[in-house]
Amino acid sequence: RAKHEGKATYHFFEPALDEAARRRRQMELDLRAAIKDGGFTLNFQPLYNLAERRLTGFEALIRWNHPVRGRINPAEFIPLAEETGLIIPIGEWVMREACRLASKWPSDVTVAVNVSAKQFAAGGIASTVMSALSSSGLPAHRLELEITESIFIADVETTLTTLHSLRNIGVRIALDDFGTGYSSLSYLRSFPFDKVKIDRSFIEDLGTSTSGHAMIRAITMLAEALGMETLAEGVEDVAQFEVLEREGCQNIQGYLFSRPVEADAVFGLLREGAGYQRQLAG
Ligand code: C2E
Ligand code: MG
Ligand code: MG
Ligand code: MG
């Protein structure tokens with residue numbers, strides 16, 4: 001009887017593993033095809049400065065238009081792209097396309113591009129950035145790179161050298177998803193980031209706990225002391241917005257003002273201020 005169950009279990013799991021591996025392999029092949037055939041697009045989500053009451057820039061967010069499965073969000077394919085090394089060509093495309101599109105925007109509007117730690121570790125990021133800037137004509141100061149603390153998992157010395165060479169090109173550097181990593185504070189000390197993007201999880205907490213306020217206050221005070229700007233991610237309601245403004249957070253991003261939009265819709269958002277005035281009035 002026991003023997004029979006054991007055997008049944010074996011047969012039950014084995015095909016499931018095969019199936020997962022097969023799906024993964026298929027997805028890798030599909031990713032390769034998408035790189036070759038232009039299967040990706042960029043969406044853009046506005047970033048607002050509270051003091052200036054103005055839309056200052058957009059974050060570029062990749063979308064995959066899968067021939068069978070339809071639109072796939074980055075959380076579903078970026079990890080596989082990182083494991084397979086495909087993040088390098090994908091990241092190069094994102095950089096080039098974001099700069100190309102942003103070069104058509106008004107000259108006071110910036111673009112933020114997410115850079116994976118794998119791109120960082122691979123070494124070519126500075127030349128990718130320079131080439132994207134020169135082929136698009138976008139001035140370096142209008143490009144902001146968003147990196148996460150995971151870049152510091154690699155050799156810190158090399159990481160800092162790369163950060164400084166990017167800084168020398170003249171691009172801005174933001175620390176994304178701040179507060180989710182292991183020892184965020186020490187990373188803040190190791191490099192003068194231009195901006196700290198406070199992770200959405202802290203903004204979510206604002207509705208449910210008062211300690212959330214204290215976290216936001218502590219992060220904004222620390223960033224200010226270090227000469228870094230702050231931005232709160234994932235602002236979804238007016239209550240969160242009011243706390244952030246009161247606690248001195250300088251910039252915000254979130255569904256309250258706008259979801260990510262297609263590239264063509266950027267101009268409409270720029271014209272109307274992306275509902276920012278509307279929201280503040282309401
Ligand atoms: P991220 O860089 O932290 O980007 C912000 C994410 O939060 C985006 O998800 C955005 O759509 C979402 N978001 C913005 N406001 C709100 C809000 O009010 N509520 C909620 N619930 N979500 C909000 P998205 O576009 O799915 O991207 C997820 C992550 O995928 C990004 O997180 C980033 O880490 C990565 N990613 C996106 N595009 C790229 C890319 O071009 N290259 C690389 N390497 N990673 C990318
Ligand atoms: Mg980001
Ligand atoms: Mg983020
Ligand atoms: Mg985030």
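By convention here, the first residue in the shown sequence is residue 1.
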**Report entry** Straight-line distance of Ile90 CD1 to Thr84 OG1, nearest 0.5 Å
**Finding:** 7.0 Å
**Report entry** Check: Thr162 and Thr159 side chains under 4.5 Å, non-hydrogen atoms
**Finding:** no
Requested in this report: Assess the side chains of Ser107 and Arg142: does a donor N or O sit below 3.5 Å from an acceptor N or O?
Outcome: no
Query raised in the report: Are Phe120 and Ile153 linked, directly or through other ILVMFWY residues, by side chains that come within less than 4.5 angstrom of each other?
Result: no
**Report entry** Met221-Leu50 co-clustered via ILVMFWY side chain contacts under 4.5 Å
**Finding:** no
Query raised in the report: Taking C-beta and beyond as the side chain, do Asn65 and Arg71 meet within less than 4.5 Å on heavy atoms?
Result: yes
**Report entry** Residue pair Gln119 / Ile88, side-chain heavy-atom distance below 4.5 Å
**Finding:** yes
Requested in this report: Taking all non-hydrogen atoms of both residues into account, name the closest pair between Pro79 and Pro74 and its distance.
Outcome: CD-O, 3.8 Å
**Report entry** Charged N-O contact under 4.0 Å between Asp30 and Arg69
**Finding:** no
**Report entry** Min side-chain heavy-atom separation Leu185-Leu222 under 4.5 Å
**Finding:** yes
Report task. Could you grab the distance from atom CD of Glu233 to atom CD of Glu146, nearest 0.5 Å is fine? Result -> 7.0 Å
Requested in this report: May I have the step-by-step check of salt bridge (charged side-chain N to carboxylate O under 4.0 Å, His left out) for Lys197 and Glu144, ending in yes or no?
Outcome: CA-CA 12 Å; Lys197 297 190 76 172; Glu144 186 165 79; over 6 Å; no
Report task. Give a yes or no on whether the backbone of Ala239 and the side-chain of Asp237 come within a donor-acceptor separation of less than 3.5 Å. Result -> yes
Requested in this report: Give a yes or no answer on whether the side chain of Gln250 reaches the backbone of Asn49 with a donor-acceptor pair at less than 3.5 Å.
Outcome: no
Report task. Give a yes or no on this: more than 12 heavy atoms of other residues, nucleotides or ligands lie within 6.0 Å of atom CD of Glu204. Result -> yes
Report task. Begin from the C-alpha positions of Leu133 and Val171 and carry the test side chain to side chain contact (heavy atoms under 4.5 Å, CB included) through to its verdict. Result -> CA-CA 10 Å; Leu133 289 174; Val171 300; 4.1 Å; yes
Query raised in the report: Shortest non-hydrogen contact from Pro89 to Gly85?
Result: CD-O, 3.6 Å
Query raised in the report: Do the two ring centres, one from Phe257 and one from Phe241, sit under 6.0 Å apart?
Result: yes
Requested in this report: Return yes when atom CD of Glu262 has more than 12 non-hydrogen atoms of other residues, nucleotides or ligands closer than 6.0 Å, and no otherwise.
Outcome: no
Report task. Hey, could you give me each pair passing salt bridge (charged side-chain N to carboxylate O under 4.0 Å, His left out) that has a residue in residues 208-218? Not counting sequence neighbours. Result -> Arg217-Glu247
Query raised in the report: How about Glu229 and Asn251: do any of their side-chain heavy atoms sit closer than 4.5 Å?
Result: yes
Query raised in the report: Can you name the nearest heavy-atom pair linking Ile62 to Leu42, along with the distance?
Result: CA-CD2, 3.9 Å
Query raised in the report: Out of curiosity, Glu92 CD to Ser131 OG, how far, rounded to the nearest 0.5 Å?
Result: 8.0 Å
Requested in this report: Identify the two heavy atoms, one from Ile203 and one from Gln240, that lie closest to each other, and give their separation to 0.1 Å.
Outcome: O-NE2, 3.3 Å
Report task. List the steps, then state whether side chain to side chain contact (heavy atoms under 4.5 Å, CB included) holds for Trp105 with Val111. Result -> CA-CA 9 Å; Trp105 302 345; Val111 66; 3.7 Å; yes
Query raised in the report: Which distance, rounded to the nearest 0.5 Å, do you find between the CZ of Phe193 and the CZ of Phe178?
Result: 9.5 Å
**Report entry** Separation between CG of Leu86 and CD1 of Ile78, rounded to the nearest 0.5 Å
**Finding:** 10.5 Å
Query raised in the report: When you measure from the side chain of Asp199 to the backbone N and O of Ser201, does any donor-acceptor pair fall under 3.5 Å?
Result: yes
Query raised in the report: Can Ile125 be reached from Leu160 by stepping across I, L, V, M, F, W or Y side chains whose heavy atoms are under 4.5 Å apart?
Result: yes
Query raised in the report: Mind checking whether Leu47 and Leu61 sit in one hydrophobic cluster, side chains of I, L, V, M, F, W, Y counted as touching below 4.5 Å?
Result: no
Report task. Would you please test Leu269 and Ser258 for side chain to side chain contact (heavy atoms under 4.5 Å, CB included) and show each step? Result -> CA-CA 9 Å; Leu269 289 183; Ser258 174; 3.7 Å; yes
Query raised in the report: Given the rule in the side chain to side chain contact (heavy atoms under 4.5 Å, CB included) test, do Arg63 and Asn73 qualify, once you have shown the distances and angles that lead to the verdict?
Result: CA-CA 6 Å; Arg63 301 291 180 258; Asn73 282 330; 3.5 Å; yes
Query - Taking every non-hydrogen atom, the tightest pair across Thr230 and Cys249 - result: OG1-CA, 3.7 Å
Requested in this report: Determine whether Ile72 and Ile87 fall in the same hydrophobic cluster, where Ile, Leu, Val, Met, Phe, Trp and Tyr are linked whenever their side-chain heavy atoms lie under 4.5 Å apart.
Outcome: yes
Report task. Find the distance between CZ (Arg100) and CH2 (Trp93) and round it off to the nearest 0.5 Å. Result -> 8.5 Å
Requested in this report: Please name the pair of heavy atoms, one in Val109 and one in Gly57, separated by the smallest distance, quoted to 0.1 Å.
Outcome: CG1-CA, 3.8 Å
Query - Salt-bridge present (Glu28, Arg32; N to O < 4.0 Å) - result: yes
Report task. Determine yes or no for a side-chain-to-main-chain donor-acceptor pair under 3.5 angstrom, with Arg172 supplying the side chain and Thr110 the backbone. Result -> no
Query raised in the report: Between Trp64 and Phe40, how do the two ring planes meet: parallel, tilted or perpendicular, split at 30° and 60°?
Result: tilted
